[in-house]
Amino acid sequence: MKYYKIDFSSEVKVIGRKYPQLTPVSGTHLEDPMSILQLSDNYPMQSTHSVFTLNKSAKLTDVLSGVSPYFVVNERVKEAILKFTPKYVFFIPIKIIEPTNNKWYVLYDPYSDELTEMINFDETIFCIVSKKLEIIEEFKLNSSSKDKRQLLRDKFAEYETPPIIRVKKLVIKNKYATLDFFSISPFIMDPIISENIKSELDDKKITGFEYMEMSISFT
């Protein structure tokens, strides 16, 4: 099985000449009882707006930028992901003022202690890299510690300027090998999808995503 990190497309021919593609409408807020603000205290949403406009120089893609760091997706993307992954992901309805009047959602993948436990920390290798992506230091996180996120924060604190941390080798426990969508932030910031979901998105000709293949081992 192949796996991919997903990110926003940065190609002008895909997204247009304006990034991000969306602008929030002043005075609108998420008040739904299932809003992102109430779903997770660990990973609060940076924008609480619920209505957005498509910027004039931006193209209307299936995946839109403007609610950083979250993806705004339409019904086609939602259906493709939920076909394989009903767990660990929420779709929060928002409104976008645009010509098609599509249904739009914030794709929300909250922090989960259960998903953190999927990582085999005894074998996973992290690294500090320079701005040129040269490896400065390699390290592991103590697998016996209950708070791996704190260990990562402690590593950040060792450097005078915030370091760039990457995963050199990601090892996942075998019992999680069937997952098609998961997020293990802050260890890897971007959500990860399986080739099953990517194939579905490709078949639907979904626009607005960029994919980077991930090397994942299972043990």
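We number each residue from 1, following the sequence as shown.
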Under 4.5 Å between side-chain heavy atoms, hopping through other hydrophobics if needed: is there a path connecting Met212 to Ile184? no

Pairwise side-chain contact, Thr53 with Ile96, heavy-atom cut-off 4.5 Å (strictly under): no

With hydrophobic residues grouped by side-chain heavy-atom distances under 4.5 Å, do Ile165 and Ile136 end up in a single group? yes

Can you measure from CD1 (Ile94) to CZ (Phe52) and round to the nearest 0.5 angstrom? 5.0 Å

Side chain proximity check, Lys59 to Val14, heavy atoms < 4.5 angstrom: no

If you count the non-hydrogen atoms of other residues, nucleotides and ligands that lie under 6.0 Å from NZ in Lys140, is the total more than 12? yes

Does any N or O in the side chain of Asn74 come within less than 3.5 Å of the main-chain N or O of Val77, such that one atom is a donor and the other an acceptor? yes

Would you please indicate if the ring centroids of Phe90 and Tyr105 are separated by under 6.0 Å? no

How many angstroms lie between OG1 in Thr219 and NZ in Lys173, if you round to the nearest 0.5 Å? 10.5 Å

Give a yes or no answer on whether the side chain of Lys148 reaches the backbone of Ser145 with a donor-acceptor pair at less than 3.5 Å. yes

Please assess Asn55 against Ser57 for the test side-chain hydrogen bond (donor to acceptor under 3.5 Å, both in side chains), listing each intermediate value before the final yes or no. CA-CA 6 Å; Asn55 292 317; Ser57 299; over 6 Å; no

Within the distance-only criterion (no hydrogens, no angle test), does the side chain of Ser9 pair as donor or acceptor with the backbone N or O of Glu210 below 3.5 angstrom? no

To the nearest 0.5 Å, tell me how far Ile81 CD1 sits from Ile206 CD1. 9.0 Å

Heavy-atom closest pair, residues Asp62 and Thr207: OD2-N, 2.9 Å

Can you confirm whether Leu54 sits close enough to Ile97 that some side-chain heavy atom of one is under 4.5 Å from a side-chain heavy atom of the other? no

Look at the side chain of Gln21 and the backbone N and O of Gly66, then say whether any donor-acceptor pair between them is shorter than 3.5 Å. no

Got more than 12 heavy atoms from elsewhere within 6.0 Å of NZ, Lys2? no

Rounded to the nearest 0.5 Å, what separates atom CZ in Arg149 from atom OG in Ser185? 8.5 Å

In Å and rounded to the nearest 0.5 Å, what is the CD1 to CE distance from Ile172 to Met214? 8.0 Å

Same hydrophobic cluster for Ile216 and Leu115, using side-chain heavy-atom links shorter than 4.5 Å among ILVMFWY? yes

If two hydrophobic side chains count as joined below 4.5 Å and joins carry through other members, does Ile119 share a cluster with Val171? no

Look at the aromatic rings of Phe187 and Phe126 and report parallel, tilted or perpendicular, splitting at 30° and 60°. tilted

Short side-chain to backbone donor-acceptor contact, Asn120 and Asp122, under 3.5 Å: yes

Side-chain contact test, heavy atoms from C-beta onward, threshold under 4.5 Å: evaluate it for Val73 versus Phe91 and give yes or no. yes

A side-chain contact here means heavy atoms from C-beta on lying under 4.5 Å apart; do Leu64 and Ile15 qualify? no

Heavy-atom pair of closest approach, residues Ile135 and Cys127: CG2-CB, 4.2 Å

Under a single-linkage definition using a 4.5 Å side-chain heavy-atom cutoff for Ile, Leu, Val, Met, Phe, Trp and Tyr, are Phe156 and Ile125 assigned to the same hydrophobic cluster? no

Would you indicate whether Lys155, at its atom NZ, is surrounded by more than 12 heavy atoms from other residues, nucleotides or ligands within a distance under 6.0 Å? yes

Verify whether the ring centers belonging to Tyr108 and Tyr70 lie closer than 6.0 Å. yes

Quick one: does NZ or CZ of Lys198 land under 6.0 Å from the six-membered ring centre of Tyr211, within 45 degrees of the ring axis? yes

I need the minimum non-hydrogen distance between Ala177 and Tyr3, along with the two atoms involved. O-OH, 3.2 Å

Val72 vs Leu22 side-chain heavy atoms within contact, under 4.5 Å: yes

Side-chain contact test, heavy atoms from C-beta onward, threshold under 4.5 Å: evaluate it for Lys168 versus Thr124 and give yes or no. no

For Ser194, does its backbone N or O pair with a side-chain atom of Asp180 as donor and acceptor, under 3.5 Å? no

With Glu200 as partner, the option from Lys205, Lys78, Lys83 fulfilling salt bridge (charged side-chain N to carboxylate O under 4.0 Å, His left out) is Lys83

Specify whether Phe71 and Phe209 have parallel, tilted or perpendicular ring planes, treating 30° as the upper limit for parallel and 60° as the lower limit for perpendicular. perpendicular

Look only at the side chain of Glu98 and the backbone of Thr100, and say whether a donor-acceptor pair between them is shorter than 3.5 Å. yes

For a side-chain contact (heavy atoms from CB on, under 4.5 Å) check, start with the C-alpha distance between Leu170 and Phe218, then their side-chain angles and the critical distance, and finish with the verdict. CA-CA 9 Å; Leu170 178 60; Phe218 292 89; over 6 Å; no

Least distance between heavy atoms, Arg153 atom then Asp147 atom: NH2-OD2, 3.9 Å

Would you compute the distance between atom CG of Leu201 and atom CD1 of Ile193 and round it to the nearest 0.5 angstrom? 5.5 Å

Heavy-atom nearest pair, Phe139 first then Leu141, reads CE1-CD2, 3.9 Å

Any donor and acceptor pair, going by atom type alone, linking the side chain of Arg17 with main-chain N or O of Val12 inside 3.5 Å? no

